[in-house]
Amino acid sequence: MYIAVASVPSSRGGSAGMALQQLDSEGRHLGEPDVVDHDAFAAAVAEAEHRRPRWVWSSTRLWYPDLLSAGVSVDRCWDLALTGNILAHSPSCRPSPYIESLRATARTDDGTEPPRLLLPPPAAPNQHSLFDEPQEPVGPPVGDVVGQFREQLAAVSGAEPGRLNLLVAAESAGSLIAAEMEHWGLPWRRDVHEDLLERTLGPRPPEGSRPTELERLAQELRTALGNPALNPDSPQEVLRALHRAGIEVRTTRSWELERQAHPAIEPLLAYKKLSRLLTANGWNWLDAWVRDGRFRPEYVVGGVVSGRWASRGGGALQIPRQVRDAVRPDEGHVFLVADAAQLEPRVLAALGQDAALAAAARGQDLYQGIADQGFGGDRAQAKLAMLGAMYGATSGESGRLMPQLTRAYPRAIAVVESAARAGEAGGGVSSYLGRGCPPASEEWRARQRTTTAEEQRRADGAARARGRFTRNFVVQASAAEWALCWLAEIRRRLAASSIPEPRSRIVFFLHDEVVLHVPAQQAAEAGTILDLAARAATRLIYGDIPIEFSINTVTVSSYADAK
DNA sequence: ATCTGCTGCGCG
DNA sequence: AAAGCGCGCAGCAGAT
């Protein structure tokens with residue numbers, strides 16, 4: 001059973017209340033909608049939730065945060081905006097005028113994206129003005145919500161059973177989890193973080209001046225280069241100064257500097273390292289993003305074309321290892337940090353139904369398995385070759401190892417090779433469950449139709465670039481959907497097992513890694529859930545296949561202690 | 001003063 | 001040793 005929710009427009013243009021419309025499994029009305037006041041909405045949802053409906057709404061981002069603030073959570077939903085986004089690119093859904101209209105406004109691979117269907121402009125996080133009225137969600141009216149829902153149901157039902165509908169369910173579950181993670185926040189110890197900053201940078205300086213340690217390194221660098229006026233924050237200046245000192249580098253990238261032998265290199269590298277800490281995760285970052293012991297970024301479900309999550313604000317998906325020690329559980333709790341070991345190559349084995357690669361994955365360490373089967377036991381080589389195959393490496397050691405890999409795993413390699421060929425020819429590819437990649441942009445197509453030699457060279461370059469994109473897309477997108485199903489299964493099992501407060505919660509998700517915040521005495525149970533959820537995800541997606549997706553889980557009292 | 005693009009580096 | 005995929009963000013540099 002479904003319940004569609006929408007705001008009831010008022011004559012003044014705002015919202016006069018909320019409508020709850022029950023629907024049957026085909027999206028047909030079951031009776032008249034309940035219309036409730038804003039104040040009564042959360043209670044009405046909580047009441048209806050006892051019947052375990054699947055909530056249908058324009059977007060979880062619009063509706064769910066207020067419910068969570070009112071202490072109401074829901075089990076399942078259908079997020080029309082996210083689903084529309086998937087359907088706009090999916091080759092496996094049943095075509096219709098509605099789908100055509102979605103496609104017409106969908107993004108292409110040049111990165112342009114029209115305003116998202118149904119979504120209000122995103123509010124800047126942490127910038128709620130004191131003058132803002134509290135905003136009621138004002139999405140499309142209930143008729144539109146039900147209408148779009150029926151269109152989406154029809155489009156999904158045309159696909160191979162158990163694929164696109166699973167993807168849609170997982171994406172919507174992901175939207176609930178993202179909202180819950182934002183609501184709950186990631187536990188973050190300001191005092192620990194500040195200690196770390198002071199130990200490495202010195203005391204917090206006044207705005208606009210360098211911390212003492214950074215200033216000391218800057219002076220050391222100026223001395224070593226004989227350039228007392230050098231601004232170490234300017235790559236151009238630094239590059240010129242290095243050249244004058246006889247250090248021949250093309251850029252000031254750290255890996256290039258590391259190969260040079262000169263007294264200026266060490267302070268420069270140290271300066272860059274500390275400067276990065278200061279600007280990306282220094283005191284200003286703490287002020288902006290950590291409040292009441294929680295880091296609250298915004299997660300953007302489906303924000304990456306491959307279906308991975310993106311984030312907005314605070315660099316949530318790039319928390320440096322350097323500061324992870326500030327991530328500490330509440331009193332009486334621990335973190336369970338779990339990651340899917342070598343997720344992408346395992347997914348590739350599944351995509352290609354490659355028994356040899358599956359056999360290599362049988363142990364714990366897939367790369368070691370590959371190494372033992374065909375790379376003379378050299379794990380580093382095996383890993384390099386595999387990554388090269390998935391990313392489209394053409395040169396270097398990685399490129400050289402490719403033929404060896406192709407001989408060992410022809411079926412798996414054929415998957416990425418044919419994806420690359422399709423992309424180079426301007427075609428599209430899709431994940432196992434049916435998430436399609438964006439089509440080639442009009443600009444890209446125009447470039448392919450060129451004639452002059454110089455233009456042809458650039459067209460070929462663009463074609464190869466798109467080939468690398470589609471090559472990687474099939475793996476990355478299929479891995480992302482596995483991770484999403486895993487996450488959804490974890491949430492479901494945590495909810496089902498839940499002993500009274502305090503509950504175990506999902507507090508962080510990073511592509512192939514999940515962090516649970518767990519009351520210490522429930523750690524063992526939560527660990528079991530992580531494993532069972534992984535098995536369930538594999539089975540949901542691929543059915544009964546002889547490929548293992550192994551989970552590495554550690555129980556820690558600081559995020560820094562994971563890995 | 002505000003924008004856009006580039007560089008560099010963090011994460012997977 | 002330093003290419004091949006996907007992101008976000010800060011600060012500089014140059015343009016408006």
Side-chain angles (χ1 to χ4, degrees), chain A residues 109 111 125 208 210 231-240 249-259 268-269 271-282 284-285 288-289 297-300 302-324 339-345 347-348 380-381 383-402 405 416 419-420 423 429 431 437-438 461 464-480 483 508-514 559 562-563:
Chain A
D109 76 350
R210 285 194 184 90
N231 171 15
D233 293 322
S234 164
Q236 286 186 6
E237 273 189 49
V238 171
L239 193 59
R240 276 198 297 270
V249 284
R250 266 180 49 255
T251 69
T252 62
R253 287 180 167 84
S254 293
W255 62 260
E256 199 174 344
L257 295 172
E258 275 162 19
R259 293 178 305 175
L268 178 53
L269 289 172
Y271 182 91
K272 286 162 82 80
K273 185 85 185 155
L274 286 194
S275 172
R276 170 79 194 180
L277 173 64
L278 174 69
T279 55
N281 296 100
N284 292 343
W285 181 90
W289 295 105
E298 185 181 348
Y299 299 99
V300 187
V304 181
V305 287
S306 63
R308 279 184 173 181
W309 291 11
S311 70
R312 205 158 25 219
L317 304 187
Q318 312 138 246
I319 301 170
R321 292 178 182 282
Q322 216 180 350
V323 303
R324 290 189 181 182
D339 77 294
Q342 305 108 24
L343 177 57
E344 294 193 347
V347 161
L348 182 57
Q381 259 196 7
K383 180 175 179 179
L384 199 65
M386 201 66 213
L387 291 175
M390 294 188 296
Y391 292 156
T394 53
S395 62
E397 188 181 3
S398 184
R400 277 197 303 282
L401 292 167
M402 278 294 298
L405 201 66
V416 283
V429 295
S431 72
C437 75
R464 280 193 298 274
R466 181 168 166 82
R468 289 192 298 272
F469 167 64
T470 51
R471 168 196 293 271
N472 185 252
F473 183 94
V474 291
V475 178
Q476 192 182 111
S478 300
F508 197 57
F509 171 54
L510 183 59
H511 309 320
D512 61 358
E513 174 181 326
V514 172
Y559 188 27
K563 285 195 274 202

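Keep in mind it's a predicted model, so treat the numbers as computed, not measured.
For residues 387-401 of chain A, no pair satisfies side chain to side chain donor-acceptor pair (under 3.5 Å), with sequence neighbours left out.
Regarding the sugar-base torsion, dG4(C) falls in the syn class, its angle being within 90° of 0.
Listed by chain and number, the residues in a side chain to side chain donor-acceptor pair (under 3.5 Å) with S478(A) amount to none (sequence neighbours excluded). Residues that satisfy the side chain to side chain contact (heavy atoms under 4.5 Å, CB included) test with L269(A), not counting sequence neighbours, are S254(A), L257(A), E258(A), I265(A). A search for side chain to side chain contact (heavy atoms under 4.5 Å, CB included) contacts involving P235(A) returns T252(A), not counting sequence neighbours. Residues satisfying the side chain to side chain donor-acceptor pair (under 3.5 Å) criterion with S306(A), sequence neighbours excluded, are Q476(A). Take Q236(A) and apply the side chain to side chain donor-acceptor pair (under 3.5 Å) test, not counting sequence neighbours, and it matches no residue. Judged as a salt bridge (Lys or Arg N to Asp or Glu O under 4.0 Å), and not counting sequence neighbours, the contacts of R210(A) are E215(A), D233(A). Under the rule for a salt bridge (Lys or Arg N to Asp or Glu O under 4.0 Å), K273(A) has no partner lying at least two apart in sequence or in another chain. Under the side chain to side chain contact (heavy atoms under 4.5 Å, CB included) criterion, R259(A) pairs with W255(A), E256(A), sequence neighbours left out.
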*asked:* Can you build the contact string for nucleotides 7-16 of chain C? Use B for base contact, S for sugar-phosphate-only contact, and - for no protein heavy atom under 4.0 Å.
replied: SBSSSSSS--

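Put simply, CG on L384(A) is 15 Å from P on dC5(C), counting in whole angstrom units. Between the C1' atom of dG6(C) and the CZ atom of R468(A) lies a distance of 13 Å, rounded to the nearest Å. One can place CG of L387(A) at 10 Å from C1' of dC5(C), the figure rounded to the nearest angstrom. Residue M402(A) contributes atom CE, which lies 14 Å from atom C1' of dC5(C) at whole-angstrom precision.
Stems are defined here as 3 or more consecutive Watson-Crick or G-U wobble pairs with pairing distances under 3.5 Å; those involving DNA chain C are B:1-12 with C:5-16.
Of the possible donor and acceptor atoms, one in the side chain of E237(A) sits under 3.5 Å from a partner among the backbone N and O of N231(A).
More than 12 heavy atoms of other residues, nucleotides or ligands shown are found within 6.0 angstrom of NZ on K272(A).
R400(A) comes within contact range of no nucleotide atom at all, as no heavy-atom separation falls under 4.0 Å.
In this model, the phosphate group of dG4(C) is not approached by any side-chain N or O of R471(A) to a distance below 4.0 Å at OP1 or OP2.
Counting 5' to 3', DNA chain B first comes under 4.0 angstrom of a heavy atom of chain A and last does so at the ends given by dG8(B) to dG12(B).
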